[in-house]
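Below is one structure, written out as structure tokens; comments come after it.
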Amino acid sequence: MDDAAAPHPPLTAGWLVEVTDRVPAGRAALDLLGGACHPAIAHHGARTLRYALDLADRSGADVDRDALVHACLLHDLGASALAVGPERFEVQGADLAVALLAEHGWAPSRREQVWAAIAVHTSPHVAERLSPLTRLVRLGVRADFGDDLVDPALRRATEADHPRLDAEWVLSGVVGDAALRDGRRAPETSWAAALLAAHRASPDPDARLAAF
């Protein structure tokens, strides 16, 4: 897949700028997301946030909205060049996100909430039950990858602002390639391990989508 032919839209949608401007370190998170991640992953983060906010509004969830913004935007930061350690991408992304929050003076207790939401976002059933924040991040991700959780009109509007850019293909490629380079990033039962197994069963780049 060659995505260099067309320019990628920037993360400047009005709703996103408005939301991040209201959140402490929100613009810093947006800048980090756009600067570190592939555009497909960055726009996936924005879509996840919009769906999570909608789900929070409709459910009346008692959740720290500022933490929700950061956890959604940065949940795949471990699938970027900033993640250089041996841990699974979810943990590296959580560490990178809370490092940003620490730089901006966030209290440890709030940083821990964001860390947990990012670290478990690929863990079915666990994320949905651990806390309102982990649940909303997980549901936002699930909504973006096709679960029928948001209104089709909202999905169309969101994807107009934040096109998909083959997000499934790109994200699975980044995580799977990292696991190929360092097997420690794919511990047993992790999503990265499933991607690695799919690759070993068939080297066809599209085969890993079966593990998505």
Side-chain angles (χ1 to χ4, degrees), residues 11 13 15-38 40-80 82-83 87-145 147 149-150 158 162 167 171 174-175 190-192:
L11 295 168
W15 76 269
L16 182 59
V17 171
E18 181 180 349
V19 166
T20 52
D21 276 349
R22 293 199 304 261
V23 173
R27 292 306 295 271
L30 194 60
D31 290 343
L32 180 60
L33 176 67
C37 291
H38 186 287
I41 296 173
H43 284 282
H44 162 60
R47 292 192 304 271
T48 296
L49 172 58
R50 198 172 201 184
Y51 300 149
L53 290 172
D54 174 68
L55 289 161
D57 288 340
R58 290 190 286 116
S59 67
D62 182 12
V63 66
D64 182 334
R65 290 296 186 107
D66 294 350
L68 181 62
V69 169
H70 282 281
C72 287
L73 285 179
L74 301 179
H75 75 273
D76 281 333
L77 195 56
S80 75
L82 297 178
E87 296 89 359
R88 57 193 288 174
F89 93 101
E90 301 94 335
V91 169
Q92 292 199 65
D95 288 345
L96 290 164
V98 299
L100 173 72
L101 298 180
E103 290 175 6
H104 287 266
W106 278 50
S109 60
R110 297 183 78 201
R111 300 199 306 262
E112 288 167 5
Q113 293 178 50
V114 174
W115 191 95
I118 294 175
V120 303
H121 82 268
T122 63
S123 300
H125 304 171
V126 175
E128 286 90 341
R129 296 284 295 274
L130 190 59
S131 74
L133 178 59
T134 62
R135 174 179 173 79
L136 285 166
V137 174
R138 172 71 180 168
L139 292 182
V141 171
R142 285 173 47 190
D144 191 45
F145 289 134
D147 280 15
L149 298 173
V150 296
T158 302
H162 306 285
L171 180 58
V174 172
V175 175
S190 68
W191 182 52

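Quantities reported herein were computed from a predicted structural model and do not represent experimental measurements.
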* When you look at Leu11 and Leu16, which way does the side-chain contact (heavy atoms from CB on, under 4.5 Å) test go after all the steps? -> CA-CA 8 Å; Leu11 295 168; Leu16 182 59; 4.1 Å; yes

* **Derivation and outcome, side-chain contact (heavy atoms from CB on, under 4.5 Å), residues Val126 and Arg138** => CA-CA 10 Å; Val126 175; Arg138 172 71 180 168; over 6 Å; no

* Derivation and outcome, side-chain contact (heavy atoms from CB on, under 4.5 Å), residues Arg22 and Val69 -> CA-CA 10 Å; Arg22 293 199 304 261; Val69 169; over 6 Å; no

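In this structure, OG1 on Thr48 lies 10.5 Å from CG on Leu68, to the nearest 0.5 angstrom. Note: Gln113 CD to Leu130 CG = 10.5 Å, rounded to the nearest 0.5 Å. Between the NE2 atom in His75 and the OG1 atom in Thr122 there is a gap of 9.5 Å [rounded to 0.5 Å]. How far CZ of Arg50 is from CG of Asp144: 12.0 Å, rounded to the nearest 0.5 Å. Atom CG of Leu32 is separated from atom OG of Ser80 by 7.5 Å, given to the nearest 0.5 angstrom.
Closest of all the heavy-atom pairs between Ala42 and Leu33 is O-CD2, 3.5 Å. Between Val137 and Cys72, the closest heavy-atom pair is CG2-SG, 4.0 Å. Heavy-atom minimum distance, Ala167 versus His44: CB-CB, 4.5 Å. Nearest heavy atom pair, residue Leu149 against residue Leu55, reads O-CD2, 3.6 Å. The minimum heavy-atom distance between His70 and Ala25, with the atom names listed, is CE1-O, 3.2 Å. Across Ala117 and Ala71, no two heavy atoms sit closer than the pair CB-CB, 3.9 Å.
Every residue two or more places apart in sequence or in another chain was checked for a side-chain hydrogen bond (donor to acceptor under 3.5 Å, both in side chains) with Asp62, and none qualifies. Evaluation of the side chain to side chain contact (heavy atoms under 4.5 Å, CB included) rule for Pro132 yields Val63 as partners, not counting sequence neighbours.
Arg111 places a side-chain N or O within donor-acceptor distance of the main-chain N or O of Trp106, the cut-off being under 3.5 Å. Distance alone, capped at 3.5 Å, is enough to place a donor-acceptor pair between the Glu128 side chain and the His125 backbone. A donor-acceptor pair under 3.5 Å is absent between the side-chain atoms of Asp76 and the main chain of Ala79, judged by distance alone. Counting only distance, with no hydrogens or angles, the side chain of Gln92 and the backbone of Glu87 share a donor-acceptor pair below 3.5 Å. Remark: side-chain polar atoms of Arg47 are not paired, donor with acceptor, to backbone N or O of Thr158 under 3.5 angstrom.
A 4.5 Å side-chain heavy-atom check between Asp66 and Pro24 finds at least one atom pair inside the cut-off. Between Val174 and Phe89 the shortest side-chain heavy-atom distance does not fall below 4.5 Å. Side-chain contact between Arg27 and Asp21 is present, with at least one heavy-atom pair separated by less than 4.5 Å. Between Val120 and Glu90 the shortest side-chain heavy-atom distance does not fall below 4.5 Å. Arg65 is listed as a side-chain neighbour of Leu53, based on a closest heavy-atom distance under 4.5 Å.
By the neighbour-count criterion of 12 heavy atoms within 6.0 Å, atom CZ of Arg129 is sparsely surrounded, having that number or fewer from other residues, nucleotides or ligands. Few gaps surround CZ on Arg142; more than 12 heavy atoms of other groups in view lie less than 6.0 Å from it.
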Identify every side-chain donor-acceptor pair in residues 93-105 under 3.5 Å, counting partners at least two apart or on other chains, and give the distances.
{"residue": "Asp95", "atom": "OD1", "partner": "Trp115", "partner atom": "NE1", "Å": "2.7"}

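The only member of Leu77, Leu82, Leu73 that meets side chain to side chain contact (heavy atoms under 4.5 Å, CB included) when paired with Cys37 is Leu77.
No side-chain N or O of Trp191 forms a donor-acceptor pair with one of His121 less than 3.5 Å apart.
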